[in-house]
Each structure stands twice: as structure tokens, then as C-alpha cells.
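Chain naming here is simple, since letters A, B, ... match the order of the sequence lines and numbering starts at 1 in each.
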Amino acid sequence: MIDIKLLRDDPQKIRTALKKRNLDIDLESIIELDTRRRASITEIQELKSKRNALSEEIGRLKQQGKEPKKLMEQARSLAEQIKLKEDEGREIDVAFGDAVQWLPNIPHESVPVGTGVESNKFIRGLTHAPEPDFEVLPHWDICEALDILDLKRAPKISGSRFILYKGKGALLERALINFFLDLHTTKNGYTEIFPPVLNPTECLYGTGQLPKLESDMYRCRDDALYLTPTAEVPLTNIHRDEVLLEKQLPINYVAYTPCFRREAGSYGKEVRGITRVHQFNKVELVKYTTPEKGYAEFEKMLADAEATVKALQLPYRVMLLSTGDLTFASAITYDIEVYAPGMKEWLEVSSISCYEQYQARRANIRYRRPTGGVDFVYTMNGSGLATPRTFIAIVENYQTKDGRIAIPEVLREYMHADSIDK
RNA sequence: GGAGAGGUGGCCGAGUGGUCGAAGGCACCCGCUUGCUAAGCGGUUUCUCGUCGAAAGACGGGACGGGAGUUCGAAUCUCCCCCUCUCCGCCA
């Protein structure tokens with residue numbers, strides 16, 4: 001949630017942000033609602049103040065054994081007025097609350113302004129796609145040939161766009177998850193969490209998936225629970241409604257979870273293979289920091305995510321997303337993309353986003369400053385990494401001319417082998 | 001799923017209709033004291049919203065798991081929901 005004080009103090013800042021994001025939201029009517037909301041609050045407060053004074057007087061008189069009928073009558077009529085005004089106020093409140101939930105975060109000043117991926121900015125890494133000296137098979141062909149993915153039978157179990165790993169494929173998937181977790185816990189200073197993946201509505205509002213992405217999530221029929229779309233949701237909600245101590249910060253969490261996405265409306269593109277699926281595995285990083293240290297920690301997180309592709313020796317580049325590609329709740333996002341020479345495409349394997357205080361306001365995550373006072377923390381998260389596309393990148397980049405897949409050095413201890421072959 | 005007990009401030013914990021925002025303790029911060037560590041003494045410190053203010057702040061509303069209700073007045077009474085603990089049932 002944005003800071004609603006901005007609505008009164010600096011609405012231009014919000015207008016600019018909305019424009020940068022190419023969004024057409026009627027801000028004036030939200031400001032109008034806020035004005036009405038505050039007027040209603042003031043009115044109710046004055047009535048209550050009067051009633052409280054009367055009640056106190058009544059209490060005093062009663063203790064003296066008197067029965068102040070007239071005062072009680074007055075108080076009763078005040079109470080009735082209050083009830084009416086409160087009902088009115090509640091309606092305004094709900095309308096305002098709903099509207100404000102749809103205001104996205106304000107992009108960081110360094111974020112390039114644009115309408116989509118074409119405006120994303122190259123930060124570092126490879127400027128050109130590497131060209132192998134032989135014809136690399138796309139992952140769906142090589143994996144079928146080596147019998148490590150069963151793309152034909154997966155739909156039988158769950159439907160299209162689900163992955164069935166098999167044999168060395170399943171092992172490779174598990175190896176990736178273990179490698180990422182080990183790297184982040186032993187070298188990068190994250191605490192491992194293994195959270196539940198069914199999350200209630202409040203959690204999804206807290207991190208900002210709701211209300212916007214309602215149709216993109218799987219929901220349980222009989223309970224108000226959603227299958228988590230990313231471990232960001234459980235990890236960021238661990239400290240929902242808490243006041244942390246400054247000395248506890250930064251908090252660094254890493255978790256492996258499966259992630260579930262309906263991907264509604266995304267059909268028609270990228271249909272082959274396993275680049276876009278309904279269930280995938282991901283190791284996710286989440287940090288809570290003070291505002292002061294937020295961006296330093298954010299850069300560290302980017303480096304932590306980048307360390308994975310470096311260790312796997314995959315061709316990659318880091319992109320800074322433009323306002324047209326930036327998600328709703330994020331102030332700034334870097335993507336790490338790896339190149340898949342079989343598909344001849346750059347694939348996003350990690351998204352590293354800083355939310356500043358946006359999620360903390362929604363989820364009410366604060367910390368106590370040693371000098372006194374409380375403030376909202378900064379939250380941020382990044383994939384480290386999502387496996388299916390990393391899997392693709394390995395299978396395609398480590399393919400050999402004779403149709404085997406070599407194993408990246410750092411994964412050999414997990415795979416107990418140097419290559420996957422028939 | 002059934003029965004019982006309970007959910008109070010950053011934490012622990014008293015409080016069953018009216019000066020209770022809430023005793024006491026811990027923690028924190030400030031000062032003093034004791035030649036270190038530890039401790040002792042005194043004092044301070046809830047959060048949130050609205051109005052006014054450049055600010056410091058002032059005034060007022062609200063908050064005792066969440067929501068609705070009874071009442072002039074609710075931490076305290078009633079109802080619904082959530083969570084925790086104990087017992088029973090079921091079960092990977």
C-alpha cells in the first residue's frame with residue numbers, strides 16, 4: 001500500500017507514478033473519498049467526545065446514589081446518532097480501502113520509463129547470445145531422448161503445463177534445489193525456512209498478490225486458502241503484524257517451495273517445453289531491513305542471486321525492468337536471464353524486487369528504532385533460482401555433440417555423476 | 001470432528017460494568033552509585049487515527065485475538081469467527 005498521506009500532501013507524486021506505469025486510475029475520486037472519510041471521522045469523534053463526557057457525569061452521579069434520567073436520555077439520543085453516522089462512515093471506509101488497494105507502488109527513480117520489455121535496461125552480463133558450434137537440441141527433444149522428462153504423460157496426471165521429471169531428470173531437479181539452499185545458507189547468510197504453501201487471504205493482500213492477481217492463483221474450494229504462487233508470500237508474512245527490534249534486522253530467509261500459478265490468459269505463446277508451467281519449484285530469498293540499509297541489502301540480494309548462475313557457469317545477463325514490465329507492488333526489479341541455445345531464447349530465471357515499505361504497510365510489519373518510535377521495514381525478495389528454466393539452461397548449454405548432458409561442476413557431488421547419458 | 005481451558009502493552013502477567021491505557025515484573029532509555037563483570041537506587045517509555053501547527057506539540061477519537069450486539073458507559077456481559085493448550089475421536 002502506498003502511504004495515504006501522499007494523497008493529501010503530494011498527489012502529484014502518485015499521478016506521475018501512475019503515468020509512468022501507463023495506468024489510468026481515477027485518482028481524483030480516491031482523493032475525494034479520502035476527504036469524505038476524514039470529514040466523517042471528525043464528525044463521529046465530536047459526537048463521541050460529547051457522549052463520553054455525559055457518560056462520565058452519569059457515572060459520577062450514580063455513585064452518589066442519584067438517577068440522572070435526563071442525562072441518560074440525552075446520552076441515548078447521542079448514541080443513536082453515532083450509530084447512524086458510523087454506518088455511513090463504514091461505507092465510505094470500505095470504498096476507500098478497496099480503491100487504495102489498487103494503487104501500485106511508486107517506481108524508484110532509477111527505473112526506466114517505458115511500456116514493456118523493450119524498455120528494460122541492460123545492466124551487466126553477456127551482451128550477445130553465445131553461438132554453439134553445433135546444432136543444440138531444444139530441451140523437449142534432448143530430454144525425451146534421454147528419458148529424463150515425460151512430457152506426454154504429465155497431462156494425464158495433472159493436465160497440460162505440468163512437469164513430470166524422471167530418473168536423472170528428477171535427480172537434477174533435486175540437486176538444483178539442494179545446491180541453491182546450501183549456497184544461500186552456508187555462503188550468503190540466509191536462514192532456511194520450510195513453510196506451508198497454502199496461504200490465507202490476508203497473506204496475499206499483505207504481499208500484494210490480491211486483489212490484482214486473484215484469477216492467477218489456485219484457490220481451495222472449501223477453505224479461504226490459496227496455493228502459494230511464490231515463497232515470497234509465506235516468507236514475508238512470517239512477521240506480519242509484528243514490531244521487530246532494529247537489532248534483529250536485517251532478517252534473511254531462504255526457502256524452497258513449489259509455486260502454483262494458473263497462468264490464465266497466457267496461452268498461445270511459449271507453448272512448447274517447460275518454460276511456463278502451473279507448478280514449478282523455486283528457491284526464494286526474502287529480506288527485511290531498515291529503510292536506511294534497504295538498497296545496500298537489495299544490491300547484496302542481487303549479488304546473491306547472481307552467484308547461482310555464476311556458479312553454474314551459465315550465460316546470463318542482468319536487466320533492470322522498465323515501468324511497463326514492473327509488477328504492481330515493486331518499486332524496482334532486476335531480472336536475471338539465462339540464455340537457452342536450443343530454444344534460442346533468453347529465459348528469466350530470477351526476479352529480484354524491492355518493495356520499500358509498500359508490502360510492510362499492507363502487512364503491517366514494523367520495527368522499533370533505538371532512538372524511539374516505530375516505522376515500517378523495507379521488504380525485498382528474489383528468486384535464487386526458479387528451477388524449470390535453470391533446468392532448461394543446463395540441459396541446453398551443457399549438451400554435448402554426442403547427445404549427452406554434462407553436469408556443471410558444482411552439481412556433480414549432488415548428481416554422483418559427470419554427465420547424463422542413455 | 002467432540003468436550004474443556006485460555007487469548008491483555010515489545011515480552012511475561014494482574015484485572016469480571018464507570019477516573020483502567022490498563023497493577024506488578026522483564027526489557028529499553030536517561031541519571032546516580034559501587035574500583036571490572038554483575039548488581040543497586042531514582043526516573044522515563046504503548047500504538048494508532050483525526051483536527052490544528054513549519055515544527056515541538058496541543059486537543060480529541062480508537063485499540064485488551066477479530067467482528068457484531070446489549071448498555072448512558074464494555075478488557076469485564078451476549079452471539080459469531082479465528083488461534084493456542086489439554087482430553088477424546090479420526091488419520092498419513
Runs of at least three Watson-Crick or G-U pairs with RNA chain B, cut-off 3.5 Å: B:1-7 with B:82-88, B:10-12 with B:24-26, B:29-32 with B:40-43, B:46-52 with B:57-63, B:65-69 with B:77-81
Check: A/Tyr367/A/His239 side-chain N/O donor and acceptor closer than 3.5 Å: no
Whole-Å gap separating P (B/A63) and CG (A/Asp241): 17 Å
Any A/Arg8 side-chain N or O less than 4.0 Å from OP1/OP2 of B/G50: yes
Whole-Å distance separating the CZ atom of A/Arg368 from the C1' atom of B/C26: 14 Å
Length of the line joining A/Arg366:CZ and B/C49:C1', which is rounded to integer Å: 12 Å
A/Leu244 CG to B/A27 P, straight-line distance once rounded to whole Å: 20 Å
B/U70 phosphate, OP1 or OP2, under 4.0 Å from A/Lys83 side-chain N/O: yes
P gap between B/U46 and B/C32, integer Å: 23 Å
Whole-angstrom distance between B/C72 and B/G67, as gauged at atom P: 23 Å
Proximal nucleotide (of B/G18, B/G61, B/G50) relative to the A/Ile41 side chain: B/G50
Side chain A/Asp150, main chain A/Arg153, donor-acceptor under 3.5 Å: yes
B/A75 to B/G21 separation - C1' atoms, rounded to the nearest Å: 11 Å
A/Asn52 side-chain N/O to B/G61 phosphate OP1/OP2 under 4.0 Å: yes
Under-4.0 Å side-chain N/O to phosphate OP1/OP2 contact, A/Arg38 with B/G50: no
Rounded distance in Å - CE (A/Met1) to P (B/C49): 10 Å
A/Glu86/A/Lys83 salt bridge by N-O under 4.0 Å criterion: no
Sugar-phosphate only, base, or nothing, as touched by A/Leu54 at under 4.0 Å among non-hydrogen atoms: nothing
Aromatic ring pairing A/Phe162/A/His278, orientation class (parallel under 30°, perpendicular over 60°, tilted between): tilted
Donor-acceptor under 3.5 Å (A/Arg37 side chain, A/Glu32 main chain): no
Between B/C49 (C1') and A/Ile4 (CD1): distance, integer Å: 9 Å
Side-chain N or O of A/Arg37 closer than 4.0 Å to phosphate OP1/OP2 of B/C49: no
Rounded P spacing from B/A38 to B/C29 in Å: 13 Å
Note: A/Asp375-A/Arg366 ion pair, threshold 4.0 Å (strictly below): no
By ring-ring contact (aromatic ring centres under 6.0 Å, His included) - contacts of A/Tyr358 (at least two apart): none
Spacing of the C1' atoms in B/C64 and B/C12 (rounded, Å): 15 Å
Any A/Arg60 side-chain N or O less than 4.0 Å from OP1/OP2 of B/G73: no
Between B/G6 and B/G15 - C1' atom distance, rounded Å: 16 Å
5' priority, RNA chain B, between A/Asp34 and A/Ala75 [closest heavy atom]: A/Asp34
Residue closer to the 5' end of RNA chain B, A/Leu71 versus A/Ser49 (nearest nucleotide): A/Ser49
Side chain of A/Gln45 - closest among B/G61, B/C47, B/U51: B/G61
Pair A/Glu263 + A/Arg276: basic N to acidic O under 4.0 Å: yes
Pair A/Lys69-A/Glu67, salt bridge (charged side-chain N to carboxylate O under 4.0 Å, His left out): steps then yes or no: CA-CA 6 Å; A/Lys69 287 226 170 73; A/Glu67 193 67 15; 5.7 Å; no
Short side-chain N/O contact to B/A68 OP1/OP2 from A/Arg90, under 4.0 Å: yes
Side-chain N or O of A/Arg51 closer than 4.0 Å to phosphate OP1/OP2 of B/U71: no
Nearest-Å distance for atom pair CG/P, residues A/Asp93 and B/G62: 15 Å
C1' spacing across the pair B/U44 / B/A54, given as an integer number of angstrom: 28 Å
Rounded distance in Å - CD (A/Glu43) to P (B/G50): 16 Å
Distance, P atom - from B/U70 to B/U76, rounded to whole angstrom: 15 Å
